[in-house]
Structures are given as structure tokens and as C-alpha cells.
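Count residues from 1 along the sequence. Treat the numbers as computed from the prediction; the structure is a model and nothing was measured. Note that ligands are numbered from 1 as they come in the structure, with each ligand's atoms numbered from 1 the same way. Side chains included, hydrogens not; waters and symmetry mates left out as well; all remaining heavy atoms used.
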Amino acid sequence: MLPYGRHYLDEEDIASVVEVLRGDFITQGPKIAAFEKALACYCGARYAVAFNSGTSALHAAYFAAGLSQGDEFICPALTFCATANAGVFLGARPIFADSEEDTGNIDPEQIESLITPRTKLVVPMHYAGHPADLEKIWRVAQRYGLKIVEDACHALGAEYRGAKIGSCQYSDMTVFSFHPVKHITTGEGGAVLTNSAEYYEKLLMFRNHGLTKDPNKFRHEPDGPWCYEMQFLGWNYRMTDFQAALGLSQLKKLDRFLARRRAIVTEYNKFFARFFLFDLPIEKGDVRSAWHLYVVRLGKDLVPVKRKIFETLKGRGLGVQVHYIPVYWHPFYQDLGYEPGLCPRAEEFYRRALSLPLFPAMTESEVNQVKDTVAEVFTEVAA
Ligand SMILES: *Cc1c(COP(=O)(O)O)cnc(C)c1O
């Protein structure tokens, strides 16, 4: 089965991990700081803090932004559930925003109407790697004094108006994931990028139980030179040093990965352009997508047979997937009182969406297999 996404590892990656395993530090050693520095440098941000997952990185970013019990935050309905869950961890309530019909991104025009006196934070998620309209969102957020955290788990290497996503030009913090289906992998892992020293300090402490060893920050008179203080409730969200070594090695290949993804997308677009059974993904405005996913949108008359298309494609070896079930459709959120119908365009996008295999390690014959199988199956089902 050809999956919709998968990692690429070479001998250099493996050697970088083994080297750390043979050394003195297998967690919180020098590779963490080196990976953070390289990542911040790549994206054009001042600071990066590595975490043990994208989800824990989101949790930390929302915490550092000041989100807490009783607050509201605005996030898209069309996203992975972790975008919303990370705020629920802090006792906050997600307010789901609807999607743009073409990109699937949060609709910047709708955000203002969702703001209440409790709103603290807006979380754009760059769906499939296509940057959301950050400047528009930034302008609304500025007017109401809201913070912005980008969920950029799909968008490492993407660009918005000539700057890399992660530069935080129009946000307070940006979150990445290094799960194996994402652009680079550390097995499990994530990071928060920021230009603020204050957020940076908070993120470091949140990752390590809320502890500080800096005597200048102590609230109590220290008992002795062994002292450290726990100043707020943090977690153990640390990445290991061998994961950071893998991340560093993978980061060197990121531009090649991005170029390969783009080349496959160009090939798909060219081939599927003469198909009128689905809409192709687009790149809109002054952006460069990181092409995390290749999501086609079925024509309305094919929506009723999507299950059959999905099953037939799987039966013929294509590991297709659907991104995403609107978050508030999940039983957990229904139990909290969210009703179906809340975000009609996100629901319609979900009904039409189908993700085809796209990852840098795909061979030319696998790309052809996708093109031929999709053409074959859609022609059969539509007939
Ligand atoms: C992958 C992903 C996450 C979570 O990242 P993990 O590393 O799996 O915890 C969060 N949000 C989005 C949009 C993602 O795609």
C-alpha cells in the first residue's frame, strides 16, 4: 500500500542518531540546542524551543500566550483535533471558525464576528502547507489585543510574502510537528518558534515542570547553591538528544524534500487538469505552499459515491486519506455542546476532500501509479 505520506531516512540520519547513543548525553545534551538554533535560523526567528511532540508544543505556546481557564480562543474547524485540544488542556474553550472554500484555511473575514470579551488567542492552521492570510488575521488581532499562535504543523518550509513560516512576522509564536508524515521527522517531536525573550523563557520552563535554576529569577531566598524553583505547573515535554540529532540531519535535506514535493504536485496538476471530476489544490496570493498534502475536492455529484471511490482506491493500493473530520463533530466536542452545522464550509470541504499520496521518497513509477489508478477509478465510478 502506497501511504498518503511517509518519512524519508538515509544512512546519514541513522549515523547521526547512533553517534548520540554512543555518547554521554542521550537526553538534553548539546544536540537539542544545536537543532533549535538551526531551526530558528532556517525560519528566520530569534528563538526555537524543541518539544516531544507538536501537540505538547501547541500546549506550551498557548500557555505562554497566557491562555487559561475560562478564556476563549478561535481556531479552524478543519484541522487536526490537537489544535483545539491543546487549549482545552488549559481550561479554555475553542470557538471554531469556518474555512475558505478553495484553500481550506481559516476564513479571515469571519474572525471578527467570533470575538468576545473572553477571546485571548487566534490560531490559524496552514492547511496542507498553504499559508493562511496572516496579515489580515494580524490586523484584526491587533485591533482587539489578541495573541496569534500559528499551527504550522503542515507548513515547515512554506513562505508568506517572501518570509518563511516560522519567522513570526505576523504572529507571537509558530508551532511545528516532526511526526513521520510531516516535512522532517524526529520520530515524535515538535517545536515553538518566537522572537520574544519572554515567551522563550516561559516555553523552556513549561517543557521542564515549570522549573528554573536561575537565582536571579527566584521568588524565595535560596537555601543553598543546589536550589531550583518550580514557579508554575509545567510538564516533562523534553525531546531526547538523539531525536534532536535526527532533526538536525533531516533539516539539511528539507529544501530537497520541498522541491521533490513541488515537482510531484506539478506533475499531478498537469495530469489531472483534463479531469473535470474534482478540483485541484491551489496556491493563492503571495505564498509558497510547503505541499504537506495533495487534497483534491470531488465534484458535488461525486460526494455521494466518495466512500466507493475511497474503498476502490485503497483496494488498488493507494493509501488515500481524508483531512479532516470537522473537529467539533467528534463525540468529545459534541458532549461539550457543539452542534453539527456550526461551520458549513468546513463541513462541505470535508465531504469533498480526498488526500492522494504525496511524499518526497515517492519514485517516478509510484507517481505514475497514483496518476493511472486515480484516472482509472474515477472514470469507472463516474461512468
Ligand atoms: C500533526 C499535527 C499536529 C500534532 O502534532 P504531533 O506531533 O502529532 O503531536 C497538530 N496540528 C496539526 C494541524 C497537525 O497536522
Counting only heavy atoms closer than 4.0 Å, does ligand 1 sit against the backbone of Thr79, its side chain, both, or neither? side chain
Pick one of side chain, backbone, both or neither for how Asp151 approaches ligand 1, counting any non-hydrogen atom pair under 4.0 Å. side chain
Taking 4.0 angstrom as the limit and counting only heavy atoms of His154, give me the atoms of ligand 1 inside it, by number and element. 13 (C), 15 (O)
Proximal ligand 1 atoms for Ser53, defined as those under 4.0 Å from one of its heavy atoms: 7 (O), 9 (O)
Could you check [atom] against the protein and tell me its nearest heavy-atom contact, residue, atom and distance included?
atom	answer
atom 9 (O) of ligand 1	Thr55 OG1, 2.5 Å
atom 10 (C) of ligand 1	Cys153 SG, 3.6 Å
atom 14 (C) of ligand 1	Lys182 NZ, 3.2 Å

Exactly one of Phe349, Tyr127, Tyr4 should register a ring pair (Phe, Tyr, Trp, His ring centres under 6.0 Å) with His323. Which one does? Tyr4
Residue-ligand contact Gly189/ligand 1, heavy atom below 4.0 Å: yes
Taking the non-hydrogen atoms of Tyr324, is any one of them nearer than 4.0 angstrom to ligand 1? yes
Is the distance from the ring center of Phe206 to that of His59 below 6.0 Å? yes
Does the separation of the ring centres of Tyr350 and Trp329 fall below 6.0 angstrom? yes
Below 3.5 angstrom, do we get any N/O pair linking Phe178 and ligand 1? no
Below the 3.5 angstrom mark, is there an N/O of Ser177, backbone or side chain, next to an N/O of ligand 1? yes
List, by chain and then residue number, the residues other than Trp226 in its hydrophobic cluster (Ile/Leu/Val/Met/Phe/Trp/Tyr, side-chain heavy atoms under 4.5 Å); write none if there are no others. none
Enumerate the residue pairs fulfilling ring pair (Phe, Tyr, Trp, His ring centres under 6.0 Å) with a member in residues 356-383, sequence neighbours excluded, ordered by first and then second residue. Phe278-Phe378
Do Leu67 and Phe89 belong to the same hydrophobic cluster, where Ile, Leu, Val, Met, Phe, Trp and Tyr are linked whenever their side-chain heavy atoms lie under 4.5 Å apart, directly or via other members? no
Any cation-pi pair here, Lys164 with Tyr42, using under 6.0 Å and within 45°? yes
Pick from Lys284, Arg345, Arg352, Arg297: which one makes a salt bridge (charged side-chain N to carboxylate O under 4.0 Å, His left out) with Asp102? Lys284
